[in-house]
There are 2 protein chains.
Amino acid sequence: MATIDDVAKAAGVSKGTVSSVFSKKRPISRPVTERVLEVAKGLGYYPSHVARSLAIKKTMIAGLKMPISKDSVMSGFEIQMINGVIREFSKQGYRLLLDTLPEHDDQTQFSIDPVDGVIMLNPRKQDPRIERYNQMGIPLVLIGRPDPIEEKISYVDNDNRHLSLQVGQYLINHGHTAILFLNSSADMTVAIDREHGLAEAFKQSGRSYDRVHVMNYSRRKHSNPTDYGYVSLKSIYEPNRFTAIITDTDRVALGVMRAARELGLDIPGELSLIALSNDATLAQEMTPALTSVELSAEMLGTEAAKILVEKMKDVDIVEQKIIEAKLVIRDSCRLL
Amino acid sequence: MATIDDVAKAAGVSKGTVSSVFSKKRPISRPVTERVLEVAKGLGYYPSHVARSLAIKKTMIAGLKMPISKDSVMSGFEIQMINGVIREFSKQGYRLLLDTLPEHDDQTQFSIDPVDGVIMLNPRKQDPRIERYNQMGIPLVLIGRPDPIEEKISYVDNDNRHLSLQVGQYLINHGHTAILFLNSSADMTVAIDREHGLAEAFKQSGRSYDRVHVMNYSRRKHSNPTDYGYVSLKSIYEPNRFTAIITDTDRVALGVMRAARELGLDIPGELSLIALSNDATLAQEMTPALTSVELSAEMLGTEAAKILVEKMKDVDIVEQKIIEAKLVIRDSCRLL
DNA sequence: GAAAATCATTAAACCGGTTTAATGATTTTC
DNA sequence: GAAAATCATTAAACCGGTTTAATGATTTTC
């Protein structure tokens, strides 16, 4: 590979001049510029991003730290969110370093990544990485809230508790109190938040929570989300046990619909159905169209990216943003 | 930020020693190692990935060059493929630099990215980037074939022509020759390949291609793929005009099914339906289950990544791989 | 037309690591 | 117990850019 020195020598100028021709930070006379460019082309010279980054302490790369599990696929929610992150950074001229590698806990393994800032997905409790980025002086924005919540940490999040509180209120107002809740995996914080929200709705309205049955998705028991919905309803259904089902996602609802069809249950006639997210954007396409919450996963991503871009200009900026979810009424719930 | 020099000074050793403690490339005695680590922790020192990369000429980052259009979302196919790339690189210890920025054609704007190799999605005709990466000495693997095809270029691809040839044969063998083909956008090479494949099937069997009607997806006319399927069937349907429909994706087929339901058409009784891909993995979930081609998008990604990993060890390796697509017969086609 | 001002270019230091050859201390050998 | 071998550490060069202060050439000023 040709380096800046090779070009300088061949063009009979100093490396500073070659540097200025490529970076355009200082004007270089027309004839010199042309000669340097000519020589560079002849030698197949391209400036090294790494060397440049070292000198200017800037990479125009943003990091996205995201765990990836070996056996499970990315959820529709994650995909949409990443999409939002990518789009916003792309618009702002940043590239994205996707880091899915697991953390080691060996001090010698950490290093300051070639990024100007980082978005971190789903921080863990007392996440040590947060303090580490702080020490490194790397701007950080979380997607999902830190635990414990701290004032100086920027993040964007959904309010899952509030969202399922709303759904609970909606169902209760429509006369449903015997509800099957097909929640997500028990180990996810969203699952806990959503369960609390639903319980809260019952508490506020003074109804008994006894006829609410909560199940959790389990990778061992269900081959995929649709299967989760299908199998759950098939196995647990008894006439008059439930009047409504809440599902984690639209895909789960799709499975529920198939099971209902096989059981001869009309939706929404005999069973109301509502999904807490519409990640695969299937709700509109089902028959009947599925009443669902729109989580705005993509917006979560773009907002996080926007905040990070601001922070990369001024580290002291702190912003915490809750993205509102909206309940979209379609045709799968009825008034009892 | 503390640097290696700060640590060396504070620990009373040379920077070479500090370097060895962190890189472990040379043994350093126990007491010295501990002292250095202690001091480093106190100073909040973390090695700079950029400086290290410059010295060792290696980043353990792989690049993914992928165009992103402002108005359209990533397709299910792209998402799955990227997923495959990410998973494989993650497994092999690489991180991914996702580059969605548009190309400039200014010589001074190119630079050697901080990557050890690159995967490039959908190369254009005579793509100048291919030669550029070659000059830079950066290993390259394409997803999609280069035009013109060259022996020294590594790539993975589907054989879209062959795949729709197979689908055509299957339909013809089942007595279908009046076919509506809801193809993808006219400007995509896959669309062209698939149309050729279908025509080929008719030619081979000696049937007339006259009753085949091809339509193309258009972002202006259709709000989303499902809408494309729905609107197209609704607007074009006349009794006995077609006995079968081929759709680009499972989502398009979903729209077709909804339109068919509204038109009172039984699938597969009065209309057979087949999809050329199952990106959203909806085929299994439809009623009736949709006969579809499985493109193995994720495998395309993992294979590309595997080849790149090999090339990053030995630049001279060249591999060209066609990922076979499989036609999966489910319940949406019938024998006439 | 000499002095002052402007302009283009350069030499050298710097960014923060790694690596090679040399050095000095310690251990082994006989 | 001196010579040889081994071991741990260091000084200095290097990776390939950017930037600052200095220099020499050119233009402007009066």
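Proteins come first, then strands; the chains are lettered A, B, ... in the order of their sequence lines, and each starts at number 1.
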Over how many whole Å does the gap from [X] atom [atom1] to [N] atom [atom2] extend?
X: Arg26(B); N: dT19(C); atom1: CZ; atom2: C1'; result: 6 Å
X: Asp6(B); N: dG16(C); atom1: CG; atom2: C1'; result: 10 Å
X: Arg52(B); N: dG16(D); atom1: CZ; atom2: P; result: 17 Å
X: Lys9(A); N: dG17(D); atom1: NZ; atom2: C1'; result: 15 Å
X: Lys24(B); N: dT19(C); atom1: NZ; atom2: P; result: 15 Å
X: Leu54(B); N: dC14(D); atom1: CG; atom2: P; result: 14 Å

For Val18(B), which contact category applies under a 4.0 Å heavy-atom criterion: base, sugar-phosphate, or nothing?
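Val18(B): no heavy atom of the nucleic acid under 4.0 Å.
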
Where each residue is assigned the nucleotide of DNA chain C containing its nearest heavy atom, which of Val50(B) and Thr17(B) is assigned the position nearer the 5′ end?
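Checking each residue's closest nucleotide, the 5'-ward one belongs to Val50(B).
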
Val13(A) backbone acceptor or donor facing Thr17(A) side chain under 3.5 Å
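Looks like no, no N/O pair under 3.5 Å.
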
So does Ser48(B) get a side-chain nitrogen or oxygen closer than 4.0 Å to the phosphate oxygens (OP1/OP2) of dG16(C)?
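No, Ser48(B) has no side-chain N/O under 4.0 Å of OP1/OP2 on dG16(C).
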
Check the phosphate of dG17(D) against Tyr45(A), side-chain N and O only, distance under 4.0 Å to OP1 or OP2. Yes or no?
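So the side-chain polar atoms of Tyr45(A) do come within 4.0 Å of the phosphate oxygens OP1 or OP2 of dG17(D), strictly under.
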
Quick check: any donor-acceptor pair below 3.5 Å linking the side-chain of Lys15(A) to the base of dG17(D)?
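Under the 3.5 Å cut-off, the side chain and the base do form a donor-acceptor pair.
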
Test item: side-chain donor near acceptor, Ser20(A) and Lys25(A), under 3.5 Å:
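Note: Ser20(A) and Lys25(A) side chains miss the donor-acceptor criterion.
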
Per the end-axis method with five pairs at each terminus, what is the bend angle of the helix from dG1(C)-dC30(D) to dC30(C)-dG1(D), to 10°?
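One end axis against the other gives 30°.
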
